[in-house]
Amino acid sequence: MKKITKAVIPAAGFGTRFLPFTKAMPKEMLPIVDIPTIEYIVREAMDSGITEFLIIINEGKECIKTHFGKNEVLERFLTEKNKTAEIEQINELPSKINVSFTYQYEQLGLGHAVLCAKEFANGEPFVLLLGDDVYVGREKPATKQLLEAYEKTGCSILGTLEVPDSDVSKYGICEPFEKTTGDLIKLRSVVEKPKLEDAPSNLAIGGRYILTPAIFDYLENQTRGAGNEIQLTDSILRLMAKEDVYSLAIDGRRYDIGSKKGFLEATVDFSLARADLADAMKEIINNRK
Ligand code: G1P
């Protein structure tokens, strides 16, 4: 089986939950401490062995391109000041991975955004990482866990988390085949943002996928679904008639950066996890007790 080397990151939404910040700035550039959210996501995939990235943007989000490219003016400035650590820092990603960009001109839904990656995938399976979900894997990065499951199955795999009843209507929800247990489960169906009474389980799609290229056959003619959007989940359901699709419970902590609470939690936890900031963050928290 050919190794998966490609990842797709959709970043073309308007980010309305984070207005007014997102009026001029992409929500993907929201910093968790001093690193833009999208860099954590790229690093998760890079640390899992992915080398080719496609980021789907819209007009006005060109600063994401700037972030992942070389910046010769800044590099010259840092060289003159002998700031070698900083030079290494800004050049690390451009030297290790290839990041390309494409535009989604109409915001018609996640399925429509993923279709923009058809040429990039070029008939190969790929990882899809959604920008709102940042993971800290317990032992391995979330993407690595999915890639290992792909090596076992050769099928599309949806990374999942258990959500409370109150949240099922916010996610794509998986229906496992009867009597399947364990972390890697064969699925019977998926449904996007069901009402609680219609939800087949509490197993939610958590913003990480491995998709086989057959998904594009369905995305190309996908009709609108939940929220009147072209939904990826609806195409995955149709894909299940042709190929097996699995879910894998992701072992790790997820931060929903799309929600303000999740963003704040990530800021606190990521500071506490950093040697240079842990004491400062503890002091801030303790002073407020
Ligand atoms: C998207 C997907 C949904 C998934 C969720 C995870 O929804 O459509 O299936 O569960 O991401 O974050 P969104 O949050 O973009 O509405």
Side-chain angles (χ1 to χ4, degrees), residues 7-18 22 26-28 30 37-38 40-41 44-45 55-58 104 106-117 127-136 142-143 146 156-176 185 187 189-196 198-211 215 218-219 222-240 245-250 252-263 265-266:
V8 173
I9 305 177
F14 285 118
T16 50
R17 284 193 290 171
F18 254 94
T22 45
K27 75 168 174 191
E28 293 77 12
L30 271 168
T37 302
I38 194 166
Y40 287 98
I41 289 165
E44 174 196 313
I55 302 181
I56 300 160
I57 56 171
N58 60 24
Q104 184 193 16
E106 281 179 296
Q107 275 49 58
L108 299 181
L110 179 61
H112 179 257
V114 175
L115 182 57
C116 299
V127 184
L128 174 69
L129 301 100
L130 305 190
D132 279 348
D133 306 275
V134 170
Y135 283 90
V136 178
T143 294
L146 289 178
S156 294
I157 303 173
L158 318 180
T160 57
L161 59 140
E162 287 264 354
V163 295
D165 285 356
S166 54
D167 283 353
V168 292
S169 63
K170 297 181 190 157
Y171 293 91
I173 301 289
C174 299
E175 180 188 6
I185 296 175
L187 298 179
S189 74
V190 272
V191 52
E192 182 67 14
K193 302 195 173 75
K195 288 191 195 137
L196 178 60
D198 301 328
S201 77
N202 287 58
L203 217 52
I205 305 171
R208 294 291 182 277
Y209 311 71
I210 287 185
L211 295 169
I215 193 67
Y218 302 97
L219 288 173
Q222 184 60 56
T223 52
R224 289 171 189 252
N228 200 30
E229 292 185 358
I230 298 175
Q231 295 289 356
L232 173 63
T233 305
D234 293 345
S235 285
I236 295 175
L237 176 66
R238 292 164 65 216
L239 174 68
M240 283 175 188
V245 175
Y246 287 79
S247 69
L248 176 76
I250 295 175
R253 172 81 208 261
R254 168 186 181 256
Y255 295 89
D256 176 11
I257 305 300
S259 83
K260 282 167 199 166
K261 187 172 174 222
F263 170 69
E265 270 180 330

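None of these values were measured; they are calculated from a predicted model. FYI, side chains are in, hydrogens and waters are out, and symmetry mates aren't considered; it's all heavy atoms of this structure. Counting starts at 1 for both ligands and their atoms, in listed order.
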Exercise. Does ligand 1 have any atom that is closer than 4.0 Å to a heavy atom of Leu130?
Worked result: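 Leu130 counts as a contact of ligand 1 under the 4.0 Å cut-off.
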
Atom 5 (C) of ligand 1: the protein heavy-atom neighbour that sits closest, reported with distance to 0.1 Å
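Answer for atom 5 (C) of ligand 1: Ile205 O, 4.0 Å.
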
shortest atom 13 (P) of ligand 1-to-protein heavy-atom contact is with Lys193 NZ, 3.6 Å

Practice problem: Please confirm whether Gly172 comes within less than 3.5 Å of ligand 1 when only nitrogen or oxygen atoms on both sides are compared. | Solution: yes

Lys170 N/O to ligand 1 N/O under 3.5 Å: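 Lys170 vs ligand 1: no N/O contact under 3.5 Å.
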
Quick one: look at [X] and ligand 1, take heavy-atom pairs under 4.0 Å, and tell me if it's side chain, backbone, both or neither.
| X | answer |
| --- | --- |
| Thr233 | side chain |
| Asp133 | side chain |
| Leu232 | neither |

| message | Side chains of Glu106 and His112 only: does a donor on one sit below 3.5 Å from an acceptor on the other? | response | no

Just which atoms of ligand 1 are under 4.0 Å from any heavy atom in [X]?
| X | value |
| --- | --- |
| Arg254 | 12 (O) |
| Gly207 | 6 (C) |
| Tyr171 | 10 (O) |

Determine, step by step, whether Lys193 and Glu229 satisfy the salt bridge (charged side-chain N to carboxylate O under 4.0 Å, His left out) criterion, reporting the C-alpha distance in whole Å, the side-chain angles of both residues, the deciding distance to 0.1 Å, and the verdict. CA-CA 12 Å; Lys193 302 195 173 75; Glu229 292 185 358; 5.9 Å; no

Close side-chain approach of [X] to [Y], heavy-atom, < 4.5 Å:
| X | Y | answer |
| --- | --- | --- |
| Arg208 | Asp133 | yes |
| Lys27 | Asp132 | yes |
| Ile215 | Leu232 | yes |

Between the CZ atom in Phe18 and the CG atom in Leu30, the distance rounded to the nearest 0.5 Å is 5.0 Å

Separation between CD1 (Ile9) and CD1 (Ile57), nearest 0.5 Å, reads 12.5 Å

| query | Within the structure, does at least one protein heavy atom fall under 4.0 Å of atom 10 (O) of ligand 1? | reply |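 Yes, because at least one protein heavy atom sits under 4.0 Å from atom 10 (O) of ligand 1.
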
*asked:* When you measure from atom 15 (O) of ligand 1 to the protein, is at least one non-hydrogen atom found at a distance under 4.0 Å?
replied: no

Checklist entry - Leu129 and side chain to side chain contact (heavy atoms under 4.5 Å, CB included): which partner among Val134, Ile38, Ile41? => result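 Only one option passes, and that is Ile41.
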
Going by side chain to side chain contact (heavy atoms under 4.5 Å, CB included), Thr160 matches just one of Leu203, Leu248, Asn202. Which one?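 The passing option is Leu203.
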
Filtering Glu192, Arg17, Glu229 for the heavy atom nearest atom 2 (C) of ligand 1 leaves Glu192

